[in-house]
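Encoded as structure tokens, the structure appears first; notes follow it.
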Amino acid sequence: MVNVRDSDATPLTHPDEFNPNDLMDTPEFKSSWLHRLFFSWSNHLFSEGIRRRLQYSDIYKVDQMDNTVPNWRRYQHYRKPGRSLFATMAMTFAPELLTQVTLALIKAVGQFSGPFFLGRIIRAVELSNNGLVLSNPNIRRAYFDAFALFFCTLISSLLENYARWVGNHMGVRFKGILVAELSTKTLSRSKNSSSNNKRGSNLKDNTGSSGSQDDISSTDGKIMNLMTADFERLAKLSIYLDQMYSYSLTLAIGIWYMYQLLGVSALVGLSLTAIYIPLSKVMYIKLTHLQKMVNVVSDKRISMVTELFQGIKAVKLFGWEAQFLKIVGNQRNNQLSYLWRIAVLRLYIKVVYSAGPMLILITMFSAHVAVLGRELTAEIAFTTLSVYQLLRFVFEHFPSYVTWSINGYVSLGRIETYLGQPQVQALEERVVDESVNTLGFEAADLEWESTDRSWMDAGLAGFVLSYALSFSHSMIWVVLNYSYNEVNMNAVERIMQYMDIDQEAPLESDSANKPAATWPNRGDVQIENLVVEYVPGVPVLHGISLSVEHGKKIGVVGRTGAGKSTISLALLRFIEASKGQIVLDGVDISKIGLEDLRRNVTIIPQDPVLFNGTIRFNLDPFGEHPDELLWDALSRTHLLRSSGMHDGDLGSSAIKDTENDESNGMVLDRMAGIFTSLDAEIKENGQNLSLGQRQLVALARALVRRSKLIIMDEATASVDFDTDNRIQKTIRGPEFANSTLFCIAHRLRTIIDYDKVLVLDHGKVVEFDTPYNLLQNENGIFRHMCEKSGEYKHLIKLASSHR
């Protein structure tokens, strides 16, 4: 069997021993302008890639000017209060923009060398009477014009590629600055700067009605969207920004050139553009609105998905996968509906701008011949057709660049809105240590073929040359898009590899093993010869067997690595048993679907997972229980404030600020009664609640579910004694009287009065009895743990009172 390294099997990964300092310095900025124009400075890399597989040490190092720090200093120099982000970026990248503009304008003028020399060649062929022989001065001039046509076309292509290469550099530097800016802003942003964007019952509203505002709360999802989708749009715009200048000048020169060729008839045809201007304005206003709505919907979806990834373990443990998938699916469908509308609108724009030039050309020729009665010679016809081909290319692609410009403008506005949020740190105090470690490049090799012909007339010559000029533009476009698609296929390969990862068992039970609707109705648990392995052949639990009756409370203790948490994971089939079985109320849990199991078993983890939304949504995400039950759960977990207020009195602000109450020393007052409304807001990850309050919310969630089997996996390990006492008080009350409880204990005092204690050691059951009986065993592990706790006398007193 051949061992394949991850770096060999997975694209865009590198071995652990990779050191960026091993990379070669890029020779680009040390090369002459001619080497830069022809990209010959990268020949060594391509020649090595042809001979052998490239290694990481063969890749060029990112030049210092493409790193974030020097560009960040340039950006800081122009970043002034009150100055827009657009103006700041324009000043920061003024040299690059000026270079792009210059190259784009020269390229735009150079494009018309094709129609110019084409007209000269056709005129020479028309004037020639002796065939294509060099003794004819007209033909000699035609050969010279053909060489000049080739040379100017080549220079124009090189300038276009180099302008795009400058745009690539600018895109990398642009993204580096924005990453640094957003990272600094995120670290210094005031925590109260997020807007009150609650997720509750409105999650089920799939109409997408969210207003026109783009300032949803600055959750991790929105920040991620800014640093991925919005950054990518801006980088893409910077790469192709030269086309905006070039196409604008090409359009102006083309109109002037057609007037020189056709005179007034050209103006007649171009008068049709008066129809396109207001139509284009309406379509692009609509496109801008739809793009803003897509951004709003995308932020919501990505925020939701990010939260789910952060709390994926809790989602799986509670059996919420299917329900959350429906919610995310609905949000995705809402997003796709907007994307579909954008695609349809872009299709309309494409059709309008593609049909427009042809209609204009037909109108101009008709006016020239039929109305004005002028002769349409081969020189005029094919030169005009050549100019038309340039304008057609502009009209076909200009909408795409305008769309990218709109997307970039919207993204820049979203980033500026985020940067404008309140912060706790002054702009001058920012320190950034961000860098960009990768830089992409592209180049196209052009190959020209010529066919010798003994003779051709002026019409055929004009036809061939005009379409040859059009073909050169299309060929460059195809080569560029092919290179982009080839690089993007790496992402497809990575996704396919991820999809090959082993999956869990099915969520739904088959018809033969579907448990009853009332299952489990008692909570009897039998574990028989249970063996669990994380790695095949290396068991973590060794043949555990025990039986727990309905309503019993079992404390699970043991040293680190004894297998305590593994039992909780096995009870929920987060880890499948290698041998043995777990039976809950007569049903082998390995035979049923994961959702049927996990939705009927509740776990309270050590680190509770809370979602951005209302307390109602966190207790009952899918609206399965009445509000009365939610109020009762909050009351029993001491989270309901008895202040005479009613639901809705305080709305989303109905959470007492408990962060600054340390001075009064009144822990009970601080912990009790923080909610007065089911619409009270819980921020992302529960950041506006203390850890103890979050744990109480998790306990209230367990009360709402009313499960017959409850697992507490060191749920009180990170909370103070007062919160622990509140949790234990609820557990020992009537709320859990009819539930079987497995409690993985962090503090021995919390389980000393339980019905039984399960002591594990190296994955084996070493003791299983009442706490009092275990304390009578002088050589027992449990007694030894109690003695080392320093609370032995207190523990044995508690155990004696509950035996």
Side-chain angles (χ1 to χ4, degrees), residues 1-18 308-319 321 493-507 525-546 554 556-584 588-595 597-598 601 603-607 609 709 711-715 717 742-746 758-768 781 785:
M1 181 176 180
V2 179
N3 293 324
V4 180
R5 296 187 306 171
D6 183 66
S7 58
D8 295 331
T10 306
L12 304 182
T13 60
H14 56 75
D16 294 337
E17 64 271 14
F18 169 69
L308 290 181
F309 280 140
Q310 292 173 345
I312 189 63
K313 183 176 180 180
V315 171
K316 295 170 73 66
L317 289 176
F318 285 110
E321 299 103 308
E493 185 177 350
R494 289 165 62 86
I495 292 174
M496 294 300 296
Q497 289 181 344
Y498 183 79
M499 294 178 66
D500 290 337
I501 296 176
D502 293 336
Q503 303 294 306
E504 285 188 318
L507 296 178
V525 179
Q526 289 82 37
I527 301 177
E528 302 173 1
N529 194 31
L530 181 65
V531 177
V532 174
E533 301 174 344
Y534 289 100
V535 178
V538 184
V540 179
L541 298 180
H542 301 263
I544 289 180
S545 298
L546 57 94
I554 309 300
V556 183
V557 298
R559 298 179 177 87
T560 301
K564 305 185 296 297
S565 295
T566 303
I567 284 186
S568 67
L569 297 177
L571 286 170
L572 288 158
R573 288 182 64 190
F574 220 80
I575 301 174
E576 297 287 356
S578 301
K579 296 180 181 179
Q581 63 178 357
I582 300 175
V583 179
L584 176 59
D588 185 353
I589 65 172
S590 65
K591 305 296 184 182
I592 64 176
L594 294 180
E595 185 173 325
L597 170 65
R598 294 170 181 173
V601 178
I603 184 171
I604 306 175
Q606 179 178 349
D607 298 316
V609 175
L709 176 59
I711 304 167
M712 297 183 64
D713 188 0
E714 300 192 48
F742 279 82
C743 179
I744 300 174
H746 177 74
L758 174 66
V759 183
L760 297 177
D761 188 37
H762 293 93
K764 298 179 180 179
V765 177
V766 292
E767 296 176 359
F768 184 47
I781 295 179
M785 293 173 65

Contact summary for [X] and [Y], nearest pair of heavy atoms:
{"X": "K313", "Y": "L569", "result": "CE-CD2, 4.1 Å"}
{"X": "A570", "Y": "L530", "result": "CB-CD2, 4.2 Å"}
{"X": "F574", "Y": "L317", "result": "CD1-CD2, 3.3 Å"}
{"X": "D713", "Y": "S565", "result": "OD1-OG, 3.2 Å"}
{"X": "G311", "Y": "V609", "result": "CA-CG1, 3.7 Å"}
{"X": "A505", "Y": "E576", "result": "CB-OE2, 4.0 Å"}

Measure the [atom1]-[atom2] distance between [X] and [Y] for me, rounded to the nearest 0.5 Å.
{"X": "I527", "Y": "L584", "atom1": "CD1", "atom2": "CG", "answer": "10.5 Å"}
{"X": "Q526", "Y": "I582", "atom1": "CD", "atom2": "CD1", "answer": "11.0 Å"}
{"X": "L758", "Y": "I744", "atom1": "CG", "atom2": "CD1", "answer": "9.5 Å"}
{"X": "M499", "Y": "R494", "atom1": "CE", "atom2": "CZ", "answer": "15.0 Å"}

Side chain to side chain contact (heavy atoms under 4.5 Å, CB included) for I544 and L760? Distances and angles first, verdict last. CA-CA 10 Å; I544 289 180; L760 297 177; 4.0 Å; yes
Between [X] and [Y] (side chain of the first, backbone of the second, donor and acceptor by atom type, cut-off under 3.5 Å), is there such a pair?
{"X": "K564", "Y": "G558", "result": "yes"}
{"X": "R598", "Y": "K316", "result": "yes"}
{"X": "E767", "Y": "I781", "result": "yes"}
{"X": "R573", "Y": "L594", "result": "no"}

I'd like to know whether V601 forms a side chain to side chain contact (heavy atoms under 4.5 Å, CB included) with L571, so could you lay out the CA-CA distance, the side-chain angles of the two residues, the decisive distance to 0.1 Å, and finally the verdict. CA-CA 9 Å; V601 178; L571 286 170; 5.8 Å; no
Does OH belonging to Y534 count more than 12 external heavy atoms closer than 6.0 Å?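 Yes, because the 6.0 Å sphere around OH of Y534 holds more than 12 heavy atoms from other groups.
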Heavy atoms of other groups near K764 NZ, more than 12 under 6.0 Å: no
